[in-house]
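Below you'll find the structure, written out as structure tokens, and then a few comments.
Small disclaimer: the values here were computed from a predicted structure and weren't measured. Excluded from the calculations below are hydrogen atoms, water molecules and symmetry mates; all remaining heavy atoms, backbone and side chain alike, are included. Quick note on labels: first sequence line is chain A, next is B, and so on, each numbered from 1.
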Protein chains: 2
Amino acid sequence: MASVTIYDVAARAAVSIKTVSRVMNNEPNVRPQMRERVLEAAGALGYAPNLSARSLAGSRSFVIAVFVDASLTLDHWRSERGSDYLQRIQLGATVETRAAGYHLLVELVDHDGPRVRQEVGALLAALKPDGVILTPPSCDNEVVLELLDKAGTPYVRLGPEKPEGRGPRVHMDDVAAAREMTDHLIGLGHKRIGFITGDQRYGASQARLEGYVAAMEAGGLTIDKAWIRPGDFTFESAHTAAAALLGLDERPTAIFASSDEMALGALAAAAEAELSCPGDLSVAGFDDSPVSRLSRPQLTTIRQPLVEMSTLATKMLINGVARNAEAGARPRDELIPFTLIHRVSTASPKG
Amino acid sequence: MASVTIYDVAARAAVSIKTVSRVMNNEPNVRPQMRERVLEAAGALGYAPNLSARSLAGSRSFVIAVFVDASLTLDHWRSERGSDYLQRIQLGATVETRAAGYHLLVELVDHDGPRVRQEVGALLAALKPDGVILTPPSCDNEVVLELLDKAGTPYVRLGPEKPEGRGPRVHMDDVAAAREMTDHLIGLGHKRIGFITGDQRYGASQARLEGYVAAMEAGGLTIDKAWIRPGDFTFESAHTAAAALLGLDERPTAIFASSDEMALGALAAAAEAELSCPGDLSVAGFDDSPVSRLSRPQLTTIRQPLVEMSTLATKMLINGVARNAEAGARPRDELIPFTLIHRVSTASPKG
DNA sequence: CTGAAAGCGCTTACAG
DNA sequence: CTGAAAGCGCTTACAG
């Protein structure tokens, strides 16, 4: 079926295509009566402007792209992990792009090796997106940032590690969050608190560890280095780590895992050691992912405002706020607040 | 920065733009030497063909869209459920589109009310996607199918309920899967098997119930209607349903939940009733979602081949297989096999 | 095997 | 407030 074009609408409304264009773009300088006629014709014909033509002729593509790391995504899938990080990021972006008449493109980017430059270069040249949302590690990749700057494509960095003047960012304070959770445990009376780290490929892992260390020090508690065990965000890694912690001569009375999924692994290890939670052992998670509510006891955790972050990032891109890299103007830096969700898995230690 | 166009490449290689076009599209009839020169020039210039221009001038847009229901998605988010259905569908589609040089667009569609026609019509007119992947309930929506047919846009229906001649589909047999799981429980020696249904807005919920009923009947077991309890795919709904089942005078020795998340709810109810799993009670799930491995005991469940399904659907769209609605030719119907994953949560009843 | 011309459906930059 | 012309960067259909 031949599609209906701006010419068909113009003919039916007996106006020029320019007038149709004005109406479709909500431009000023159209008499109400003309606008009415055009709208009527467009409605009757079921007209919708062709995106490709708009993009080619004009300066906007009505497309926002999200860059996601290819190998991390595939890894995540292969290791069958339950994180819904991407899903939440996407939800905010999809809803927001849709509301503004934009479209969301999900692009897998291979950040390892020398292909990045070629791949991202081609992506930007072919797509000409009006904005790009950068998830880790894209948000910290020098080549990606350079290419984006060179192409003049606005972008927002989601949860970046490197702050220094590299474009607008939207993030949360992982250090402060981990610190608050550790303070929560200390406040409950815990002195021996174990910590399970996340996958070191993510900057957040290091930040959360820092927060834990800072809070322990501020609380006057000396960290036994045996209390810090490596994990990689998987249930199994935390299961192993927690089992080791619980096998210590003086075992911790609380375990702070860097993700909810890992907290569940710690819970399983506790059950196997016949320790009740939170009676014998407190367990804290991080993320407030759906799985944090799928255990008994339900997990005390940190709520990451991922949907809010991607919603804001998308808005900035569409409003043009992200573009304001004015001479000397500092790029926007939005810190979104986290929340400690106190559920059932943490309590005061016995005695 | 002004982008590099086909003219720049043609000039540098000292050929016509048509030759550049041929090389970029891997068309025949180009001498190796010419091709070499063009490739060299394109590489040096960092040229990538503009998608909008290709789409406008040619017959392909290099875009595949996935239609996802808006309210179901928002509901899912609000109810904080842990299903990764969409994530898995998207993974297959993203990887496949990328491999073929295509791009994946995620479109939220509002299927309730009268807006569908306008919204989907505008989407197709504006985007002109080369193919559309239809997730439920898009795959069964008459207006969506009609619009797609009228526009001549190839599509694949993922997990549709209505089979009759409405375009190609890729799906799994939920009835057979539920039947196999029920047979598994019967084979273990269970006679009183409780069933928790899924959200009735999804066709799969009804199919799974049917499979359960069919297997019970085939096994010569009479179903007490108190054994079938309503759920909506959430942990809480199953927790309530399972508690009711366990409160029966003659309680079931096994519970088959229509999703993994619900199986975890059943597990929690069992723990509260001080019943061990699988010793006192067997619990089976459905989906093989990541959460099925996050419990102790790990869940026996049905693996849904979602990534395989979306991968195949995308391939069909890109290969043009989905387009073959030749006169009289029956649309492709691909049934992807499921797998019963026997883990720890199911065993023979005591005694 | 190669290329010159026309046109895809819009927006831009101008003119009136 | 409205419109005629040019052009965005490609592919199509055709000629040689």
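- Checked by atom type, the side-chain pair His111(A)/Asn141(A) shows no donor-acceptor distance below 3.5 Å.
- Checking Pro32(A) against Ala57(A), the closest nucleotide of DNA chain D that is more toward the 5' end is the one next to Pro32(A).
- Comparing dG9(C), dG9(D), dT11(C) by their nearest atom to the side chain of Asn25(A) picks out dT11(C).
- Ion pairing between a basic and an acidic side chain is recognised when a charged N comes within 4.0 Å of a carboxylate O; Glu119(B) and Arg98(A) show such pairing.
- Among the atoms of the strands shown, only primed sugar atoms or phosphate atoms (P, OP1, OP2) are found under 4.0 Å from some heavy atom of Ser59(A).
- Under a 3.5 Å cut-off, the side chain of Ser52(A) and the backbone N or O of Ser55(B) do not form any donor-acceptor pair.
- For the pair Lys128(B) and Lys18(B), nearest-nucleotide mapping onto DNA chain C gives the more 5' position to Lys18(B).
- The side chain of Arg22(B) sits closest to dG3(C) out of dC10(C), dC10(D), dG3(C).
- At the heavy-atom level, Asn50(A) lies under 4.0 Å from the strands shown only through sugar-phosphate atoms.
- Spacing between atom OH of Tyr7(A) and atom P of dA4(D) amounts to 11 Å, rounded to whole angstrom units.
- Comparing Arg31(B) and Ala53(A) by the nucleotide of DNA chain C that holds the closest heavy atom to each, the one mapping nearer the 5' end is Arg31(B).
- Of the candidate nucleotides dG9(C), dT2(D), dT11(D), dT11(D) has the atom lying nearest to any side-chain atom of Ile17(B).
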